[in-house]
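Residue numbers start from 1 in every chain, and the chains themselves are labelled A, B, ... in the order their sequence lines are given, proteins ahead of strands.
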Protein chains: 2
Amino acid sequence: MSKPVRDDLPHLDKAGRPTLATVATLAGVHPSTASRALSSSLKGGVRVGSADTVERIRRIAKELGFSRNLHAAGLRTQRTSLAGVLVPRLTDLVLATIYEGIDEEARHHGYQTFVANTNDDEAERASKTDMLLARQVDGIVLGDARIDHDEIIEQLQARRVPFVLVSRRSQHHPSVTCDDYAGGRLAAQHLLDLGHRRVAVIAGEQYASTALDRLQGFADVYREAGHPLAPELVVPSRFDVAGGRRACQQILNTSGAAPTGVFVVNDFAAIGALGTLRSAGLTAGRDIAVIGYNDISLASELPLPLSSIRSPLHDMGTEAMRLLLAGMEGAEMTSKTLKPSLAARESTLGISTPA
Amino acid sequence: MSKPVRDDLPHLDKAGRPTLATVATLAGVHPSTASRALSSSLKGGVRVGSADTVERIRRIAKELGFSRNLHAAGLRTQRTSLAGVLVPRLTDLVLATIYEGIDEEARHHGYQTFVANTNDDEAERASKTDMLLARQVDGIVLGDARIDHDEIIEQLQARRVPFVLVSRRSQHHPSVTCDDYAGGRLAAQHLLDLGHRRVAVIAGEQYASTALDRLQGFADVYREAGHPLAPELVVPSRFDVAGGRRACQQILNTSGAAPTGVFVVNDFAAIGALGTLRSAGLTAGRDIAVIGYNDISLASELPLPLSSIRSPLHDMGTEAMRLLLAGMEGAEMTSKTLKPSLAARESTLGISTPA
DNA sequence: TCGATTGGCGCAAACGATTGGGCAGCTGTG
DNA sequence: CACAGCTGCCCAATCGTTTGCGCCAATCGA
């Protein structure tokens, strides 16, 4: 990086770090000249000084370890190179992976991201959104949209802040999602092919389009095949391990014929379900088939490898950011849908004993 | 939140959002008065206007949905209320959990956090640090410190930026960590108590104090017990699932007597190891004991519940932020060490077949 | 009635960077 | 030699907010 800051320079800021004026003074030019010299690398060289002046300024800036105050620059230019990201929780690996995609793409385009958890809570969503706006973000990626009436989205529209939804869609707003309906159908067809006629669904949160669409696709396939789902075997749940555990318990407690297969709309919840089944003395893959959703990296490595629907999480993030970048430049924003695929493993195929 | 922005107001910013001047004009006062009225809630009411003026200004601000431009404010006050956080990767649940603790505590004290991944890569660490400094953060939490020579830390010291390490320690720098040495000893004592004499260690990255300390504690107990570790059974690894898988494969390939137990310094790597064992036809908990580290929420829910050393991740985050806050106020910073504990489960205790 | 005190606000200068406009000094041409 | 055109840089305004200083009017005491 750079040499330590010296203490005997002109125009240092209060933290003792060099400012543009420091560089300019040392180079014997006006701050405006220094500004142009340092930013001409970014913009096509219009109105930039002579080659040796530019060279000298750049060298001095580097020697000083100067880095421009992005807030001051943003104040002047009205652009912060900041994109806000709102997610339910970063400890949810699914969202963390999407976020990494978002951030990666943002950096490739000179943007930085500011991320915050909302815990799917309305009050938190509102306050975190306000926080992002107070930080003057140039645009927002929303990872926690609600399917129906979403106040936050309306706020953003009213304030004309460019935004894009990711993972979850909401009405006609621009979004990048995985085709959850198709994914639900994939899961259903897989279980159906294996001969499962009576199946349960651990259905996730009912305000999330992901959960709803996956269930819808799944239910449609079973209905079309002449085996409509039993309503008591479709139970909502949280998306985490504990949620899956509870929902699975509820299914096991249901009277009537036990299901031979379970579709869990989220891998973490599926792991919770596996835990419950184990506690109940059932072996997944033999006594009951279990298929999850998202195909997180753990799924294939579990002591009992979990069948799952793979969705391109990282790509969803990068695509979402790309769409937002387009939107911030005033382009039309058209939603994008990525394709899921099936990853069949022991939890549905049965247990293969290796040699 | 607030009403939509009107278009016919004075002094809107370029994005059409109201500024302090908008509020002031509508309230018929000078911007400085408005500033004082709106910030007196924060600071003990010195030099603040009459009660009804303040009231009127606050009401108008709320009606307009005014929120102050934090960058402009920071420019003036030289304090951004921003803390930077550097972590190896947010998709590592361990770091994500620590980060949540950090962020939570920060918000309680009116700070926001700006987080970035460094992938434990020196170049990325440098550029992300520069980025945080360009954003004028008031302090930094480093979650990716190197045990030995750490350039980033020296930079921060030279620039007099308050910082604190979390999870990993480095020399004498202020840090909040879990007592990894003690944790390593716990794991060793557990395996020793169960009768394992020949054990392997999947030892993690050798630049991280967490990995080194855990191994050291583990090795010490075995040495003291008269069963020093076989060097070929101690293999470094990445911290993720794939890293554990590879390291475990290497251990299985080792000539000589096979170990009866494995200590993996990280739960994700432990899950990878479980995958390898399963592929090799070995059943963890019966053929070989496996114990991980961190006790992530999944560990207890796995089809084969994983024994692990629990470390208070969330608390480490909050404590780290507390320490940083103290440091930012100029207080002395003294490192803190939290205590780990043992969570023994089937992967070491053996498989209990439920009724 | 008048001077001293004080409460309530306004004024203007910052903070650090950017940028349109403009002013020198140079070269080239007729 | 005069003038146009160009190059290379500076000037000053500006972004939105904060804050030391000081003004004005109201209140009080004598």
DNA chain C: 5'-proximal contact among B/Ala51 and A/His71 (nearest heavy atom):
B/Ala51

Gap between atoms CZ and P, on B/Arg135 and C/dG16 respectively (whole Å):
17 Å

Counting distance alone, no hydrogens or angles: does the base of D/dG8 have a donor or acceptor under 3.5 Å from a partner atom on the side chain of A/Arg56?
no

If you go through the side-chain atoms of A/Arg17, does one of them form a donor-acceptor pair with the base of C/dG16 closer than 3.5 Å?
no

Rounded to whole angstrom units, what separation is found between the NE2 atom of B/His30 and the P atom of C/dC11?
5 Å

Using atom CG of B/Leu20 as one end and atom P of D/dT19 as the other, report the distance to the nearest whole Å.
12 Å

Taking all non-hydrogen atoms of both residues into account, name the closest pair between B/Gly143 and B/Pro88 and its distance.
O-CD, 3.6 Å

Between D/dT14 atom P and B/Leu75 atom CG, what is the distance in whole Å?
17 Å

B/Thr19 side-chain N/O to D/dG16 phosphate OP1/OP2 under 4.0 Å
no

A/His11 NE2 to C/dC15 C1', straight-line distance once rounded to whole Å:
13 Å

Below 4.0 Å: OP1/OP2 of C/dG16 and any side-chain N or O of B/Gln136
no

Side-chain-base donor-acceptor pair under 3.5 Å for B/Ser32 and C/dC11:
yes

B/Thr33 OG1 to B/Arg36 CZ distance, which is reported to the nearest 0.5 Å:
6.0 Å

To the nearest angstrom, the CZ-C1' distance between A/Arg76 and C/dT18 comes to 5 Å

How do B/Pro31 and A/Pro31 order along DNA chain C: which one's closest nucleotide is nearer the 5' end?
B/Pro31

A/Arg68 side-chain N/O to C/dT18 phosphate OP1/OP2 under 4.0 Å
yes

Just checking, any donor-acceptor pair under 3.5 angstrom between side chains of A/Thr80 and A/Asp138?
yes

Which of these, B/Asp130, B/Asp150, B/Asp120, sits in a salt bridge (Lys or Arg N to Asp or Glu O under 4.0 Å) with B/Arg125?
B/Asp150

Has the side chain of B/Arg36 got a donor or acceptor atom sitting under 3.5 Å from an opposite partner on the base of D/dG20?
yes

Report the distance from atom CD of A/Gln78 to atom C1' of D/dG16, rounded to the nearest whole Å.
9 Å

In whole angstroms, the gap separating C1' of C/dC15 from CG of A/Leu70 amounts to 15 Å

What's the verdict on side chain to side chain contact (heavy atoms under 4.5 Å, CB included) for B/Thr129 and B/Leu86, showing C-alpha distance, side-chain angles and the deciding distance?
CA-CA 8 Å; B/Thr129 306; B/Leu86 251 33; 3.5 Å; yes

